[in-house]
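To start, the structure under review is shown below, and the notes come after it.
Throughout, protein chains are lettered first and strands after them, A, B, ... in sequence-line order, and every chain is numbered starting at 1. All values derive from a computational prediction rather than experimental measurement.
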2 protein chains.
Amino acid sequence: MISQEEVTDFVKNGHQHYLPHISIDSVIFGYHDQQLKILLLNWIGYNGWGLPGGFIQRREPLGQAANRIVRERTGLDDLFLQQFYVFGDSPYRLTERSIREFTEKFDLAADVEEGNWLFERTLSIGYFALVDYSKVTVTSDFFTDAHQWCDVNNIPDLLFDHNDVVEKALTTLRQQIYHQPIGYNLLPEKFTLPEIHRLYETILGKELDPRNFSKKLLTLGLIKKLDEQRSIGPHRSPYLYQFEKEAYDFALRQGIVHTY
Amino acid sequence: MISQEEVTDFVKNGHQHYLPHISIDSVIFGYHDQQLKILLLNWIGYNGWGLPGGFIQRREPLGQAANRIVRERTGLDDLFLQQFYVFGDSPYRLTERSIREFTEKFDLAADVEEGNWLFERTLSIGYFALVDYSKVTVTSDFFTDAHQWCDVNNIPDLLFDHNDVVEKALTTLRQQIYHQPIGYNLLPEKFTLPEIHRLYETILGKELDPRNFSKKLLTLGLIKKLDEQRSIGPHRSPYLYQFEKEAYDFALRQGIVHTY
DNA sequence: ATCTATTCCGTAAATTTTACACATTAGAAT
DNA sequence: ATTCTAATGTGTAAAATTTACGGAATAGAT
């Protein structure tokens, strides 16, 4: 648990360590129970659900900051992480009321409120991450005391402009899936065809013919069939597949180019 | 011309009007002489070429700021303007030397240098704009005293990390052209098939079969043939075309979706 | 041995993309 | 008027890709 002193110090002096006016919001996608989910945190001060986020240290490269922020929440490193948009159209994301609630909650002196760096206008750089749900261990930060993995089709009202952020992350991911291989980071190392098929259907929110789908992935050389099978109860055992790392990485870099 | 006082005031007090630590860099694409060009400005202080840029006013929505910055330089409003990346990996874009040159050039007291907001670490949000070259009237700002339209295939060494910014803008534009119609903002209202054909070839940096190309645009319903022709000297007169605004806008929103 | 639920596979039709060459035309020159 | 030049405009066949679609095989439970 984080101490009261630490919180107070962060609020009062955080601007010496972090760049003010800019934050990072992360949309962390995981796949579980045949649902595409995102990680939501319950913010103590504001008492509501929001995205994991954080600030950029004064001498820290931007990409590293995003990586650190996701790592601190999930325990994962070396993940698929991509900038997708900067949100800054509403000059002020915090209402006076929410600031008051926050300072009361943390028992901060009223004078902290005035012009405090935390409560000034802050643009937010959106990153999304694709993670292997089963490998995540969620850790709370200063301002959050609970978490949930929430089906993207069923997102509640979030704090600030986080619903917009999620929306934009989803549309970016859906567009991207047509041009880049997705799955390496969302699936375990070995998976079955029906599994990756359902993943794609889930992300795109529409049905894909299973025969044509697997044909496509195999033709592109993105996955390869293994000799092993998985046992799934009283049904035919599906074969296991894994990604062809080289072809996958190549497609990641080049994109899967369609024609003009 | 901008007065010395104004510059000094901007350097000393700009942080009261603008958000520190964040700027906008704009890559303004125009098409002329069968070349894709970008607008470069010569920075007085640093004596080198760089991109048009600016800061975000404290209460100004982000998109508006980008729009204003491009408008101030080009005179154009209501243009195609798109965020494409945030640059912030190198914590410091300015060297001590360039800062000294700058302050000397503008005859700023040495004490201005120390911890001045302008010289602190600044992330930069990249926007690119597509403009009708012939409609642009370039206006200088505080820090720049000359401009040029520079062929994208022949960009000199630019200030700061602006070469990276241009590079990324170009790759984004090239990717986008496969999924969204481009041209409405780069071409005059009426244009010939060879003109738009050359535009696409120029942007993509490769040849496109003219028959297949026009077939595609017409099939997609993005352009329509007019009854008029243009006179181009001692050659067959090409027909004029114009964009089908509805289909064009629809494609802009939806993207030209390819299959899975 | 039977049943259930799931995986696995292949082919034909439709569509899209690619490749490719020559007749037409406006104005300039003669 | 004729000729010449340099550019525009157009169609078709082959190849590749995408789509649509149904039935046999299998593992485990009963």
| request: May I ask you to evaluate whether B/S231 reaches the phosphate of C/dG27, defined as a side-chain N or O under 4.0 Å from OP1 or OP2? | output: yes
| task | May I have the distance from A/F213 (atom CZ) to C/dC9 (atom C1'), rounded to whole angstrom? | result | 16 Å
| field | Residue pair B/L252 / B/Q180: nearest heavy atoms and the distance that separates them | value | O-NE2, 2.6 Å
| said: Judged by each residue's nearest nucleotide on DNA chain D, which is more toward the 5′ side, B/T192 or B/K215? | reply: B/T192
| field | Name of the residue among A/Y200, A/Y31, A/F243, A/Y239 meeting ring-ring contact (aromatic ring centres under 6.0 Å, His included) with A/F191 | value | A/F243
| task | Compare the minimum distances between each of C/dT24, C/dT18, D/dC21 and the side chain of A/R211, then state the nucleotide with the smallest one. | result | D/dC21
| query | So among B/W49, B/F87, B/Y46, which one has a ring-ring contact (aromatic ring centres under 6.0 Å, His included) with B/F160? | reply | B/Y46
| task | Determine whether any donor atom in the side chain of B/H235 lies under 3.5 Å from an acceptor atom in the base of D/dA6, or the reverse, and answer yes or no. | result | yes
| task | Could you tell me how the ring of A/H197 sits relative to the ring of A/F213: parallel (under 30°), tilted (30 to 60°) or perpendicular (over 60°)? | result | tilted
| request: To the nearest Å, give me how far apart CG (A/D209) and P (D/dT18) are. | output: 13 Å
| query | In whole angstroms, how far is the P atom of D/dT8 from the CG atom of B/L240? | reply | 13 Å
| Taking CG from B/L217 and P from D/dG9, how many angstroms apart are they, rounded to a whole number? | 14 Å
| CG of A/L193 versus P of C/dC9: gap in Å, rounded? | 8 Å
| query | Quick one: do B/K245 and B/D249 make a salt bridge, cutoff under 4.0 Å? | reply | yes
| task | Report the distance from atom CZ of B/R230 to atom P of D/dG9, rounded to the nearest whole Å. | result | 11 Å
| Nearest-neighbour nucleotide for the A/R198 side chain, C/dT7, C/dG10, D/dT8 considered | C/dT7
| Does the base of C/dA26 carry an N or O that pairs as donor and acceptor with the side chain of B/R236 under 3.5 Å? | no
| request: Figure out the OH/P separation between B/Y239 and C/dT24, and round it to whole Å. | output: 14 Å
| request: Report yes if a side-chain nitrogen or oxygen of A/S237 is closer than 4.0 Å to either non-bridging phosphate oxygen (OP1 or OP2) of D/dG28; otherwise report no. | output: no
| task | Would you kindly give the NE2-to-C1' distance between B/H197 and D/dG9, to the nearest whole Å? | result | 13 Å
